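Keep in mind the model is a prediction, meaning the values are calculated, not measured.
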Amino acid sequence: MFKHEKQLFHPVGIEKPNPQYAVLLQEQLGGGNGELKAAMQYMAQSFRIKDPDIKDLFLDIAAEELGHLEMISQTINLLNGHDVDASSVPYGEIQSHVQTGLSPTLTNSSGYSWTSDYVTVTGDLCADLLSNIASEQRAKVVYEYLYRQIEDKRVRETIDFLLNREEAHNQMFRDAFNKVQKSGSNQDFGTTKAAKMYFSMSEPGTNAFATGETKAPSFT
């Protein structure tokens with residue numbers, strides 16, 4: 001069961017309208033590394049999880065991501081201002097000026113619709129946790145790019161908060177992975193000598209080795 005509280009997860013605001021930046025921010029609304037993708041992925045993955053604590057973790061983070069979605073949508077609303085004016089958006093997604101009256105939509109910054117193809121569900125907890133760790137890392141990267149392209153202090157405060165929450169989720173998923181890393185696909189496969197071999201395919205480079213022990217190449 002879900003319920004909506006009439007309060008944002010964290011306050012949002014702007015110093016002044018910026019329609020062009022609103023287009024960029026759409027990426028975290030309906031993009032492949034955005035908040036809706038994260039919420040739907042973690043929720044979908046949770047349905048077959050047997051561990052009650054990890055199941056709750058997935059659903060709690062999914063619910064928070066929906067709260068982030070609301071924050072992003074409200075920030076886009078504020079940045080767009082109140083006038084439909086496509087000339088304010090010299091490049092990028094302009095559909096909202098002729099189709100949705102500037103309403104935040106489930107599209108990315110290029111106007112492509114959100115799709116469930118963004119969502120990864122394998123049914124294997126180790127694989128799904130690793131996918132989620134990567135998802136949170138990619139979301140951080142997008143927010144970092146967005147942060148660099150806006151001087152508005154209020155918008156930066158919002159992005160900074162969301163960046164820190166992505167880092168928190170990243171660590172939560174890492175902790176959960178540490179708890180189950182000897183199960184599922186991590187237990188079924190990767191147990192032979194071949195799982196501990198490194199082949200150097202770079203020339204010139206080190207010789208291939210198969211010592212029976214995990215050995216990483218040197219990158220120094």
Exercise. Is it the case that more than 12 heavy atoms not belonging to Asn178 sit under 6.0 Å from its CG atom?
Worked result: yes
For this session: Taking the side chain as every heavy atom from C-beta outward, state whether Lys179 and Asp53 have any pair of such atoms under 4.5 Å apart.
Result: yes
Problem set entry | Contact check, side chains of Leu29 and Ser73, non-hydrogen atoms, under 4.5 Å | yes
Exercise. Does Ser131 reach the main-chain N or O of Ala127 with its side chain, forming a donor-acceptor pair under 3.5 Å?
Worked result: no
Problem set entry | Straight-line distance of Ile61 CD1 to Leu57 CG, nearest 0.5 Å | 4.0 Å
Problem set entry | Side chain Gln45, main chain Thr120, donor-acceptor under 3.5 Å | yes
Seminar exercise, completed: Taken to the nearest 0.5 Å, the spacing of Tyr42 OH from Leu129 CG works out to 10.0 Å
For this session: Might you point out which heavy atoms bring Asn77 and Pro104 nearest each other, and give the distance in Å?
Result: OD1-CD, 3.3 Å
Exercise. Any chain of hydrophobic side-chain contacts (each under 4.5 Å) joining Leu69 to Val142?
Worked result: yes
For this session: Using distance alone, with no hydrogens and no angle criterion, decide if Glu70 and His4 have a side-chain donor and acceptor under 3.5 Å apart.
Result: yes
For this session: Look only at the side chain of Asp83 and the backbone of Asp85, and say whether a donor-acceptor pair between them is shorter than 3.5 Å.
Result: no
Problem set entry | Side-chain donor-acceptor contact under 3.5 Å, Asn170 with Gln137 | yes
Exercise. Is the backbone of Leu163 close enough, under 3.5 Å, to the side chain of Lys140 for a donor and an acceptor to pair up by distance?
Worked result: no
Problem set entry | Shared hydrophobic cluster for Leu106 and Val98 (ILVMFWY, side-chain gaps under 4.5 Å) | no
For this session: Check whether more than 12 heavy atoms from other residues, nucleotides or ligands sit under 6.0 Å from atom CD of Gln149, and answer yes or no.
Result: yes
Problem set entry | Side chains of Met71 and Phe161 in contact at under 4.5 Å (non-hydrogen atoms) | yes
Exercise. Distance from Ile76 atom CD1 to Leu102 atom CG, nearest 0.5 Å?
Worked result: 11.0 Å
Seminar exercise, completed: Heavy-atom closest pair (Lys50 atom, Arg48 atom, distance to 0.1 Å) is NZ-O, 3.2 Å
Problem set entry | Which atom of Asn80 lies closest to which atom of Pro19, heavy atoms considered | OD1-CA, 4.0 Å
Exercise. Could you walk me through whether Trp114 and Asn108 pass the side-chain contact (heavy atoms from CB on, under 4.5 Å) check?
Worked result: CA-CA 7 Å; Trp114 187 89; Asn108 66 9; over 6 Å; no
Exercise. Checking side-chain hydrogen bond (donor to acceptor under 3.5 Å, both in side chains) against Asn33, which of Glu27, Arg138, Glu166 comes through?
Worked result: Arg138
Exercise. Short question: side chain of Gln26, backbone of Thr105 - any donor-acceptor pair under 3.5 Å?
Worked result: yes
Exercise. Do any N or O atoms from the side chain of Arg156 and from the backbone of Tyr147 form a donor-acceptor pair under 3.5 angstrom?
Worked result: yes
For this session: Give the ring-plane orientation class for Phe173 versus Phe58, where under 30° counts as parallel, over 60° as perpendicular and anything between as tilted.
Result: perpendicular
For this session: Answer yes or no: is there a side-chain heavy-atom contact under 4.5 Å between Val155 and Leu79?
Result: yes
Exercise. Between Glu64 and His169, is a side-chain contact (heavy atoms from CB on, under 4.5 Å) present by the stated rule, with each step listed?
Worked result: CA-CA 10 Å; Glu64 182 180 338; His169 296 165; 3.0 Å; yes
Seminar exercise, completed: To the nearest 0.5 Å, atom OH of Tyr143 lies from atom NE2 of His68 at 7.5 Å
Exercise. Which heavy atom of Ser135 sits nearest a heavy atom of Gln41, and at what distance?
Worked result: OG-NE2, 3.4 Å
For this session: Look up atom CG in Leu162 and atom CG in Leu146, then write down how far apart they are to the nearest 0.5 Å.
Result: 10.0 Å
For this session: I would like to know whether Val119 and Val121 meet side-chain contact (heavy atoms from CB on, under 4.5 Å); could you show each step before the answer?
Result: CA-CA 7 Å; Val119 173; Val121 182; 3.9 Å; yes
Seminar exercise, completed: Between the CD atom in Glu15 and the CG atom in Leu78, the distance rounded to the nearest 0.5 Å is 12.5 Å
Problem set entry | Worked check of side-chain contact (heavy atoms from CB on, under 4.5 Å) between Tyr112 and Thr107 | CA-CA 5 Å; Tyr112 293 105; Thr107 61; over 6 Å; no
Problem set entry | Co-membership, hydrophobic cluster, residues Phe47 and Leu36, 4.5 Å side-chain | yes
Exercise. If every non-hydrogen atom of Ser103 is compared with every non-hydrogen atom of Ser96, which pair is closest and at what distance?
Worked result: O-CB, 4.3 Å
Exercise. Between Val12 and Gln74, which heavy-atom pair has the shortest distance, and what is it?
Worked result: CG2-CG, 3.7 Å
Exercise. Hey, are Thr122 and Asp124 close enough side-chain-wise for a donor-acceptor pair under 3.5 Å?
Worked result: no
Exercise. Are Gln171 and Asp175 linked by a side-chain donor-acceptor pair shorter than 3.5 Å?
Worked result: yes
